[in-house]
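The chains referred to below are lettered A, B, ... by the order of the sequence lines, with proteins before strands, and numbering in each begins at 1.
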Amino acid sequence: MSHRTIHLFNRGLRLHDNPTLVAALESSAAMYPVFLLDRAFMEGSVRMGALRWRFILQSLEDLHHSLQRLGSRLYVIQGSHEAVLRRLVAQWGITQLSFDDEVEPHYKQLDKELRTLASELSLSVLSCVAHSLYDVKRIIKANSGQPPLTYKKFLRVLSVLGEPDTPAREITETDFQKCPTPGDEEGEEPYKVPSLSELGFEVEYEVLWPGGESHALKRLEKHFQSQGWVANFSKPRTIPNSLLPSTTGLSPYLSLGCLSVRTFYHRLSKVYAQSKNHSLPPVSLQGQVLWREFFYTVASATPNFTRMVGNPICLQIDWYEDPQALHKWKMGQTGFPWIDAIMTQLRQEGWVHHLARHAVACFLTRGDLWISWEKGMKVFEEYLLDADYSLNAGNWMWLSASAFFHRYTRIFCPIRFGRRTDPDGHYLRKYLPVLKNFPSKYIYEPWTAPEHVQHQSGCIIGKDYPLPMVNHLEASQRNLALMKELRIEQENTADLTRDMADDPMEVGVKRKLPEDTIAQRDATEYNSSVPVGNKRCSSPDESSWTPDPVRLPEMSSKVV
DNA sequence: ACAAGGTTGTTCAA
DNA sequence: TTGAACAACCTTGT
């Protein structure tokens, strides 16, 4: 069968390990590689900022050049999938559509629409799994229809399935000689990759993460030169505030499919085979891509995975609505340099270390601000080059102790956590230049610096840099109590339901609160309805908190 | 009913 | 620096 095929790139912006494109080439006499820049579709599911758009456009340019080197090209077309495809199918005499199989809801919806259209236009459809190591449906099937909800269990299921498929064969010039890409009568111009400004975006920050398969492969090779580092990689030991990424920095490329996860995985297997004591999941590099797979699997089988309401695995929490506090967090104006530096790096560069993400996520949700993880997830979606439907939501639920992770008493301290690995605050000085002359002693909690030190450093706290928006010790303890209370309530609700089933008359009697719990409730009752920012500062044993409540205009963020 | 296990805390002593 | 103690929990497996 010799088709005239449109290969639709969505993610999977690469030529290496591209099983769908290989199969399409082998079954066709003419191949049109197309990227359909359908903004309604792309922006319908996530809110992408300029950094992310820049990364995508660069990746498209790169893909276009790689295809050109093989005698082909990339057609980039703006418009809705349906309208554009109807036109092109007629114009180019298309008989087949090919695109990668995907699992996320918006892609599944698109998949459905494309198949409907294909059926109407009598087109063949060709689709392979290329974005994940496994077909996640297989994983769920192997776990008797349920997604495994812990990583260990997930690994156990995988061990039954065996190793993931090896990468697809390389695509060469010969493929495009046998199956050439015809030109279009309208020439090159209408099909070029648009510029960022044509899309209405502007970025003032330099490119630290150039998009595209070539850069992905270069980065991959660079890391594999240090085989020992690759083999012994242990995630928790990497440093969140190093000035250059202490991890591989491959996530943006994996996210957009500029790098194939299978290629990465099997390259790692080779290194491990030659190494005596390589690290293992969950902390190893392979462990990292398996985490990715884990979240893809759970997300694919969980309704409303990116939301709290209607999400069966997500703890239902009455988070505060506090747009001003959220805005301070997003803009790096919390008054905690460690938090603000991370958020600044995020907005400027589009990437921060995983543990840094933990720190700011914990701070926003269960740690300090008690703001919904969905809000934070959306901010990450806007800026993070590697933001991904399943991973982003999964990690936010994790960090907010809404799902997967439950030991909510482990709250990151926004002062000590960063100081451990960067006591002199080089990272803070880089991203918050206003603090660059502060002595190391005070830089993680600059509000504790005596006035003359602030003067000498050229930075007055409360004027040049904000006072901390919350008292961390108080806020975290209050939130912890809220979390405890919440869980007790849910337990009682469960009891109640059970009792009702047993004997409706006994309901009131069997509900119980342990005595210490009652004490907790009393102690926290006053706070439970008060936004974090409004709580006055009263903790007596607070060593690092500013003693002067008059100097806290930043505190009252809600009721003014 | 109860123990074990869960990617990645904090503190303090050597 | 590293390691042990402490650890305001929840789910799963026996």
Whole-Å distance, A:L149 CG to C:dT12 C1', equals 11 Å
At a 4.0 Å cut-off to heavy atoms of chain A, the contacted part of DNA chain B spans B:dG6 to B:dT11
The ring pair (Phe, Tyr, Trp, His ring centres under 6.0 Å) partner of A:F336 among A:F417, A:F363, A:Y444 is A:F363
Say you pick atom P in C:dG13 and the same atom in B:dT7; how far apart are they, in whole Å? 13 Å
Mind listing the side-chain donor-acceptor pairs of residues 286-296 of chain A below 3.5 Å, one per line with the distance, residues two or more places apart or on another chain?
residue, atom, partner, partner atom, Å
A:Q286, NE2, A:Y265, O, 3.0
A:Q286, NE2, A:S269, OG, 2.8
A:Q288, OE1, A:K235, NZ, 2.9
A:Q288, NE2, A:P282, O, 2.9
A:Q288, NE2, A:V283, O, 3.3
A:Q288, NE2, A:S284, O, 3.1
A:R292, NH1, A:H131, O, 2.9
A:R292, NH2, A:H131, O, 2.9
A:R292, NH2, A:H131, NE2, 3.1
A:R292, NH2, A:L254, O, 3.4
A:E293, OE1, A:L133, N, 2.9
A:E293, OE2, A:L133, N, 3.0
A:E293, OE2, A:Y134, N, 2.7
A:Y296, OH, A:H131, NE2, 2.9
A:Y296, OH, A:D388, OD2, 2.6

May I ask you to check whether A:Y431 and A:Q348 show a side-chain donor-acceptor distance below 3.5 Å? no
Contacts of A:D422 meeting salt bridge (charged side-chain N to carboxylate O under 4.0 Å, His left out) (sequence neighbours excluded), chain-then-number -> none
One should read off an interatomic distance between A:L346 CG and A:Y383 OH, to the nearest 0.5 angstrom, of 7.5 Å
Per the under-4.0 Å heavy-atom filter, residues of residues 399-412 of chain A near DNA chain B come out as A:R407, A:R410, A:I411, A:F412
- Task: Verify whether one side chain among A:N241 and A:H353 offers a donor that lies under 3.5 Å from an acceptor in the other.
- Result: no
Checklist entry - More than 12 heavy atoms of other residues, nucleotides or ligands under 6.0 Å from CG of A:N304: is that the case? => result yes
- Message: Under 4.0 Å, counting only non-hydrogen atoms across every strand here, what does A:R237 touch: a base, just sugar-phosphate, or nothing?
- Response: nothing
| Do A:Q454 and A:Y465 meet the criterion of a side-chain donor-acceptor pair at a distance under 3.5 Å? | no
Taken to the nearest 0.5 Å, the spacing of A:Y320 OH from A:N479 CG works out to 6.5 Å
Would you please say whether a donor-acceptor pair under 3.5 Å links the side chains of A:S440 and A:R429?
yes
A:M483 atom CE is separated from C:dC10 atom P, nearest whole Å, by 10 Å
Expressed as a whole number of Å, how far does the P atom of B:dA13 sit from that of C:dA7?
15 Å
Between CD1 of A:I313 and C1' of C:dC10 the distance, given in whole Å, is 14 Å
- request: Classify the side-chain pair A:T247/A:H354 by whether it contains a donor and acceptor separated by less than 3.5 Å.
  value: no
Note on DNA chain B: ranges paired as stems (three or more Watson-Crick/G-U pairs in a row, both atom distances under 3.5 Å) are B:1-6 with C:9-14, B:9-14 with C:1-6
Do any N or O atoms from the side chain of A:S260 and from the backbone of A:T263 form a donor-acceptor pair under 3.5 angstrom? yes
ask   = Quick one: is the NZ or CZ of A:R267 closer than 6.0 Å to the six-membered ring centre of A:F224, and within 45° of its axis?
value = yes
Ordered by number, residues from residues 150-160 of chain A within less than 4.0 Å of DNA chain B (heavy atoms) are A:Y151, A:K152
